[in-house]
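To keep things clear, I will list the structure first and then write my remarks on it.
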2 protein chains.
Amino acid sequence: MSSPKLLLVEDDSALSELLEYRFENEGYSVRATPDGDEALVLASEDTPDLVILDWMIEGVSGIEVCRRLRREKSTAHVPIIMLTAREAEDDRVRGLETGADDYLTKPFSPRELLARVAAVLRRVRPALAGETIEVGDLRLDPVAHRLERRGKELQLGPTEYRLIKFFMEHPRRVFSRGQLLDAVWGTGSEIEERTVDVHIRRLRKAIAHEKAPDPIRTVRSAGYALEPV
Amino acid sequence: MSSPKLLLVEDDSALSELLEYRFENEGYSVRATPDGDEALVLASEDTPDLVILDWMIEGVSGIEVCRRLRREKSTAHVPIIMLTAREAEDDRVRGLETGADDYLTKPFSPRELLARVAAVLRRVRPALAGETIEVGDLRLDPVAHRLERRGKELQLGPTEYRLIKFFMEHPRRVFSRGQLLDAVWGTGSEIEERTVDVHIRRLRKAIAHEKAPDPIRTVRSAGYALEPV
DNA sequence: TGCGGGCTTATGACATTTTCATGGCAGTTT
DNA sequence: AAACTGCCATGAAAATGTCATAAGCCCGCA
């Protein structure tokens, strides 16, 4: 499924519930907690696609949560939108320095937050925001769950789909089999690394096109990468 | 044409009349009252599609109206747009927390409110904002509650109708069984996900047409989508 | 330059597991 | 009574994870 996973850290329960409701209505998958420590646990258990973080929360402070998220390898690149009180100019600055991607000052309308979230996701991972991505002659429409090459639709299984989607989100970059397992199969999957080879083969077969070259590059003793065209 | 039902709660009679006039001109069906208690009665008698609520009204306060609307089952999901005075930052916060969907600060132009209303309705119930929807060779008339394919009317049950309507409001898009349950059966319904399959089958059967292909696409391990033609 | 060994990847086959379509059925609602 | 709903059992189809084996690549050495 293509619903982006949000982690909402907000200790005002009324606001939290409202936002949870709104976001789920918009097709996001939301987990919420008022507690900083718990947020860190949740984030490490199942890496969210984006974190919405209230600055003033119980337990660990917002800034500390932010910092720790950045420190953990699995969450280091997860975008963070922080919510601040109007006066706390100071926090805002520190927040951005600490690595928040955007901030919103209370009070804000849910629609405003929705827009920011969509914008950040679009910037960081276009496919999550429902935008089609193109890499070389491949075009992927995440909303329709379709992949086509030179106008012709390709037929692939679920795993191959997730795999090519991941590659298309990070073109040219080489991923080890371990990284691919984490990203595509999910962290902690106990699967033979060699199995990745098999799926790469299946993917290659699925996207093979009469004259077009194979866009998947094998990097010996390192992994695989997707090359444009 | 379908006319969305608005409930306007505003005690400035000049403004109220102006808005009523404008909205009716735009094809909405409007009921207005300056009084909070009466608003609640009206809302429960005939559930509106959207409520426009002034924060500073006589009788029960705006925030209380908002809260009670949310508490009543029949009005719990009706979107609310609230109108606030410029300075009342505080109210705004509480309003959003209480469950308003959007707010507008006085003074505002009627056109601005019209735009917000249209946007909210489009988000919540696309069919309300529109006339008939066409997707491929299917044509749905939400007012008449009818679906036809290639000119021939189709006969379907209530659930199948809601299902195809939802699909037609979002053509091509893949929905997971969970999303379909939320959208068609209502959030929180405790229904077996596999039951969706059954209704998909019934829907397919109902819209089957001699030579026309099946417009419902099964996306393995993801869900279903409606494809034009 | 040519060759062979050692290591890495590609491929085809296969047993298992998932996932889906379908028909039937009993309980409700209209 | 007729229509509708939700769920289960069943069978079929698709997808998945592993192996064994073939093929390819890199490197040192003659």
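Everything numeric in this text was worked out from a predicted model, so none of it was measured. Chain identifiers are assigned alphabetically (A, B, ...) following the order of the sequence lines, protein sequences preceding nucleic acid strands; residue numbering begins at 1 within each chain.
Side-chain proximity of A/Glu160 to the nucleotides D/dT18, D/dC7, D/dT16 is greatest for D/dT16. In this structure, of D/dG6, D/dT16, D/dA15, it is D/dG6 that holds the atom nearest to the side chain of B/Ile191.
No donor-acceptor distance shorter than 3.5 angstrom exists from the side chain of B/Arg149 to the backbone of B/Leu154, with no hydrogens or angles considered. A/Arg70 places a side-chain N or O within donor-acceptor distance of the main-chain N or O of A/Ala76, the cut-off being under 3.5 Å.
In this structure, CG of B/Leu163 is placed 13 Å from C1' of D/dT5, rounded to the nearest angstrom. Atom pair B/Asp197:CG and D/dG11:P shows a separation of 18 Å (rounding to whole Å applied). Rounded to an integer number of Å, the gap from A/Gln155 CD to D/dA13 P is 16 Å. The CZ-C1' distance, from A/Arg220 to D/dC26, rounds to 6 Å in whole Å. Distance A/Glu190 CD to D/dT16 C1': 16 Å, rounded to the nearest Å. Counting to the nearest Å, the C1' atom of D/dC7 and the CH2 atom of B/Trp185 are 13 Å from each other.
Residue A/Thr195 is in base contact, counting any heavy-atom pair closer than 4.0 Å across all strands shown. Using a 4.0 Å heavy-atom criterion, one finds that A/Tyr161 contacts no nucleic acid atom at all. Among the heavy atoms of the strands lying under 4.0 Å from B/Arg204 are primed sugar atoms or P, OP1, OP2 only; no base atom is included.
For the pair A/Gly157 and A/Arg194, nearest-nucleotide mapping onto DNA chain D gives the more 5' position to A/Gly157. Judged by closest nucleotide on DNA chain D, B/Leu156 is the one of B/Glu192 and B/Leu156 placed further toward the 5' end. Mapping A/Ala222 and A/Arg201 onto DNA chain C via the closest heavy atom, the residue that lands nearer the 5' end is A/Ala222.
Side-chain atoms of A/Phe23 and A/Leu8, non-hydrogen and from C-beta on, never get closer than 4.5 Å to each other.
Of the charged side-chain nitrogens involved, at least one lies within less than 4.0 Å of a carboxylate oxygen, so that B/Glu227 and A/Arg146 count as a salt-bridged pair. Under 4.0 Å is where a charged nitrogen must lie from a carboxylate oxygen, and between B/Glu160 and B/Arg202 no such pair does.
A tilted orientation is assigned to the rings of A/Phe175 and A/Phe166, their planes being inclined by 30° to 60°.
Summarising the local packing, CZ of B/Arg31 is surrounded by more than 12 heavy atoms from other residues, nucleotides or ligands at distances under 6.0 Å.
The nucleotide range of DNA chain C contacted by chain B, defined by atoms under 4.0 angstrom from heavy atoms of the protein and reported 5' to 3', is C/dT19 to C/dG24.
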